[in-house]
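Report on the structure given below.
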Amino acid sequence: MKIWQAVLAIPTGKVACYGQVADLSGLPGSARLVGKVLAALPINGQYGQTVPWYRVINAQGRISFAAGSENFARQRDLLQAEQVLAIGARIKLKDFQ
DNA sequence: GTGTTGACATTCC
DNA sequence: CGGAATGCCAACA
């Protein structure tokens, strides 16, 4: 199972932290991989589907991008569109994992 | 085949 | 609560 495949496995309306994605990929403890791979891999459906990279957040329930960056805003919007409520900059992992 | 690169997690102050 | 230090391995040139 590749990283991006694990990301594809995240159901709509839910989120996963990097550690969970790494675990699903069979790589526990390799959370950095996830970020690296997400940055390098298809954001544009090159594997036949769009990779929901925006459903992947860090263990603190926050977006990994710098607040105020365009990617941050885009991810936050996409998550809201999936009914993932964010309190301030925090997402309720407890309710969405 | 080798080396570099990270969108992090976890633990320990 | 937060900051620092460490480990991790796939993707890419």
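When reading the values below, keep in mind they use all heavy atoms of this one structure, side chains included, and skip hydrogens, waters and symmetry mates. Reminder, nothing fancy here: chain letters follow the sequence lines and each chain counts from 1. Since the structure is predicted, the reported quantities are computational estimates derived from the model, not experimental observations.
Computed from coordinates, the A/I91 CD1 to B/dC8 C1' distance equals 15 Å when rounded to whole Å. Remark: C1' of C/dC9 and CH2 of A/W4 are 18 Å apart, rounded to the nearest angstrom. One interatomic measurement links the two molecules: CD1 of A/I3 to C1' of C/dC8, which rounds to 11 Å at whole-angstrom precision. Counting to the nearest Å, the P atom of C/dA10 and the NZ atom of A/K36 are 12 Å from each other.
Within the model, atoms CZ of A/F65 and CG of A/N58 stand 11.0 Å from one another, a figure rounded to the nearest 0.5 Å. Atom CD1 of residue A/I3 and atom CG of residue A/L27 lie 5.0 Å apart, to the nearest 0.5 angstrom.
Nearest heavy atoms, A/S25 versus A/A6: OG-CB, 3.3 Å. The minimum heavy-atom distance linking A/L8 with A/P52 is given by the pair CD2-CD, 3.6 Å.
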Kindly indicate, with the supporting measurements, whether the criterion side chain to side chain donor-acceptor pair (under 3.5 Å) is fulfilled by A/R74 and A/S69. CA-CA 9 Å; A/R74 176 161 32 196; A/S69 72; over 6 Å; no
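Against DNA chain B, the stretch residues 54-77 of chain A makes heavy-atom approaches under 4.0 Å through A/N58, A/A59, A/S64, A/F65. Only at 4.0 angstrom or more do the heavy atoms of residues 14-26 of chain A sit from any atom of DNA chain C, so none qualifies.
A/L33 comes within 4.0 angstrom of a nucleotide base, judged by non-hydrogen atoms across all strands.
Placement of A/V56 and A/L24 in two distinct hydrophobic clusters is found when ILVMFWY residues are connected by side-chain heavy-atom separations under 4.5 Å, directly or transitively.
Side chains of A/I57 and A/S64 form no contact here, defined as non-hydrogen atoms less than 4.5 Å apart. A/K14 is not listed as a side-chain neighbour of A/R55, based on a closest heavy-atom distance of 4.5 Å or more.
Heavy-atom distances to DNA chain C give each of A/K2 and A/R32 a nearest nucleotide, and the one nearer the 5′ end belongs to A/R32.
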